[in-house]
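Lettering of chains follows the sequences in order, A, B, ..., and the numbering in each one begins at 1.
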2 protein chains.
Amino acid sequence: MRRSQIDAAWKGTAECRNCGIRDLVLFADLTEPDFSLIHLPIDEMTFPPGATLYDAEGDGHSVFTIRSGLVKLVQYLPDGTQRIVRLLRPGAVAGLEVLVGTTHQHTAVALQEVAVCRIPRDVIERLSRETPRLHRQLMQRWHQALQQADDWLTELSTGSARARLARLLIQLAGDAPDRPVRLFSREDLGAMLGITMETASRTVAEFKRQGLVREIAPNVALCNVPELREASGID
Amino acid sequence: MRRSQIDAAWKGTAECRNCGIRDLVLFADLTEPDFSLIHLPIDEMTFPPGATLYDAEGDGHSVFTIRSGLVKLVQYLPDGTQRIVRLLRPGAVAGLEVLVGTTHQHTAVALQEVAVCRIPRDVIERLSRETPRLHRQLMQRWHQALQQADDWLTELSTGSARARLARLLIQLAGDAPDRPVRLFSREDLGAMLGITMETASRTVAEFKRQGLVREIAPNVALCNVPELREASGID
DNA sequence: CGCACCCTTGAAATTACTCAAGTTCAGTGG
DNA sequence: CCACTGAACTTGAGTAATTTCAAGGGTGCG
């Protein structure tokens, strides 16, 4: 907690015009004159694993474009239970809700070293008023988030612990089934799947024993996608 | 299935200018000249309980503003399991995703007699291009949907069956704790809470026995909100 | 009346949770 | 260099919750 703010490192003011991943980000469609409407600095920042990008307390003044790394969005129940409601990958935008209300709905925490662009709310609002080219992108981000939320519910909160974990691993492996996947802490796994830490641990262990994943380094695993797919349906 | 399309009843072409609930709907902020941009008919329709507004197969050409009644959004897993991912109330918009892609992501089914306005995608797209007054409303709908999705996950897919049902009932009672609440079929309850029909049935029965709800007519109940709140936290 | 459909209930089997003890491992200080 | 510590993970055993499978109501409708 204590470290969250302190840990953020400022990397300079972003030069959006020359952004290396601009086709991926919110400003993809902006034209040269549009950029002159940006009257507040957009900061490039990095956060180490465990650092908080923003939380649900306090006003939200900015949205964040994820440039690299992985972010979890956490929501709490009154009794203190926490659920991870989404993972954000590069290209995603965190904190869109400040464009409608003024507070964030989640706590956003870096799971790995994360690089972001922090965009003041006013910048988005002004661009949104003055140029239609941002709309399509904004709509796409909203859509992306909502689709992910719905899928998260049906895939990761339905069925046995075994089936849920299998589906999560398939998601993480994505379209590159051979690329190793970083596993999360057992506590985070539990919060994603709606199960306890112990059940998460046991299920991971079972997957290793049965060869559905092969651990090639501590908390890094190769997925046996066909067998995982099997496990995601049955059970 | 067979009845879904047949059952829809056409009630005429909507006169949005004079809409009785316009402050509630998507077109709330439009001005007189904006309406002239609407070049395709917006139909008022009603659906009986059980009818399908649209489904995930086939192209989506329209979004729907819910004028009255209650709609469930259903998503299916490959193995046939179904989850209800959201409930739509009057004022909500169903099918926003066709503004980004071209297909619907859910199957939308009326739970009660439902009245809607069916708005062709092209109408929204044109208005969206030409007038900024729709943007704010669109953003609010996206936000509303996303917030509901996240809350649905943390509240209705976390904890014991008892706690989940209690939270659902509290949601349904809303700000009018004395107004009777219609219960859903046990199958729908299960699909909302991620539990089986039998567990849903047993838990409802238990709530009745323990006085957390009082059934004043078949499938209509009064909620004892304080005790429900109790049950939603403990367990 | 009899059939369909939905809901309820029971009993056994399974799954997941809880609580508790042990393990591993990295970081710290003697 | 090594013991010590804390944090995260693992594992076991008992318990609680949920699912599964099966049978038995109730109600509306042809």
Side-chain angles (χ1 to χ4, degrees), chain A residues 1-3 48-50 72 77 79-84 109 111-112 156-168 182-210 213 215 217-221 231-235, chain B residues 1-3 48-50 72 77 79-83 109 111 156-168 182-210 213 215 217-221 231-235:
Chain A
M1 300 297 106
R2 182 185 88 269
R3 327 185 65 214
K72 64 175 175 182
L77 269 87
D79 69 354
T81 321
Q82 65 167 35
R83 285 262 353 222
I84 297 174
V109 178
L111 284 176
Q112 310 166 358
L156 304 187
S157 298
T158 305
S160 64
R162 200 176 143 81
R164 295 182 194 189
L165 179 61
R167 295 195 201 105
L168 175 62
R182 268 170 188 281
L183 296 183
F184 305 110
S185 79
R186 300 302 176 260
E187 186 136 9
D188 279 348
L189 278 179
M192 290 177 204
L193 304 177
I195 58 181
T196 59
M197 205 197 61
E198 292 93 331
T199 301
S201 174
R202 280 185 242 267
T203 311
V204 170
E206 191 190 323
F207 277 17
K208 284 190 224 162
R209 256 180 278 121
Q210 300 180 345
V213 302
E215 194 170 36
N219 271 329
V220 179
S232 75
I234 325 291
D235 299 304
Chain B
M1 299 299 106
R2 182 185 87 269
R3 325 184 66 214
K72 65 175 175 182
L77 270 87
D79 69 355
T81 321
Q82 65 168 34
R83 285 271 342 227
V109 178
L111 284 176
L156 303 188
S157 299
T158 306
S160 66
R162 200 176 142 83
R164 296 183 195 188
L165 179 60
R167 295 193 201 107
L168 175 62
R182 270 171 186 280
L183 296 183
F184 305 110
S185 79
R186 299 303 175 260
E187 185 136 9
D188 279 348
L189 278 179
M192 290 178 204
L193 304 177
I195 58 181
T196 58
M197 206 197 62
E198 292 92 332
T199 302
S201 174
R202 279 185 243 268
T203 311
V204 170
E206 191 190 323
F207 277 18
K208 284 191 226 162
R209 255 180 280 122
Q210 301 179 345
V213 302
E215 194 169 35
N219 270 330
V220 179
S232 75
I234 324 291
D235 298 306

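- Rounded to an integer number of Å, the gap from Glu187(B) CD to dT20(D) C1' is 15 Å.
- Nearest-nucleotide positions on DNA chain C for Ala200(B) and Ser160(A) put Ala200(B) closer to the 5' end.
- Atom pair Met197(A):CE and dA7(D):P shows a separation of 14 Å (rounding to whole Å applied).
- Annotation for Gln82(B): atom CD counts as buried by contact number, over 12 foreign heavy atoms lying within 6.0 Å.
- At distances below 3.5 Å, at least one donor-acceptor pair connects side-chain atoms of Arg167(A) with backbone N or O atoms of Ser232(A).
- A close approach under 4.0 Å does occur between a side-chain nitrogen or oxygen of Arg186(B) and OP1 or OP2 of dT8(C).
- Closest contact between the side chain of Asn219(A) and the listed nucleotides dC9(D), dT20(D), dT8(C) involves dC9(D).
- Among the nucleotides dT11(D), dT20(D), dT18(D), the one closest to any side-chain atom of Glu198(B) is dT20(D).
- Residue Lys208(B) places at least one side-chain N or O closer than 4.0 Å to OP1 or OP2 of dT8(C).
- Atom pair Ile195(A):CD1 and dA17(D):C1' shows a separation of 16 Å (rounding to whole Å applied).
- Between the side chain of Arg209(A) and the base of dT11(D) there is no donor-acceptor pair of N/O atoms closer than 3.5 Å.
- The phosphate of dT19(D) (OP1 or OP2) has a side-chain N or O of Thr199(B) nearer than 4.0 angstrom.
- One interatomic measurement links the two molecules: CG of Asp188(A) to P of dA7(D), which rounds to 17 Å at whole-angstrom precision.
- Here dT18(D) presents its P atom at 9 Å from CD of Glu206(B), a figure rounded to the nearest Å.
- If you run side chain to side chain contact (heavy atoms under 4.5 Å, CB included) between Arg164(A) and each of Thr203(A), Leu193(A), Thr158(A), only Leu193(A) comes through.
- Between Ser201(B) and dT8(C) there is a side-chain N or O to OP1 or OP2 distance below 4.0 Å.
- Contact between Asn219(A) and Phe184(A) at its shortest, heavy atoms only, is OD1-O, 4.4 Å.
- At whole-Å resolution of the value, CD in Glu215(A) and C1' in dT10(D) are 12 Å apart.
- At a cut-off of 3.5 angstrom, the base of dT18(C) holds at least one donor-acceptor pair with the side chain of Arg202(A).
- Taking 4.0 angstrom as the limit, Ser185(A) places none of its side-chain polar atoms (N or O) nearer than this to OP1 or OP2 of dA8(D).
- One interatomic measurement links the two molecules: CG of Leu193(A) to P of dT15(C), which rounds to 17 Å at whole-angstrom precision.
- For Ser157(B) and Arg83(A), the side-chain atoms include no donor-acceptor pair closer than 3.5 Å.
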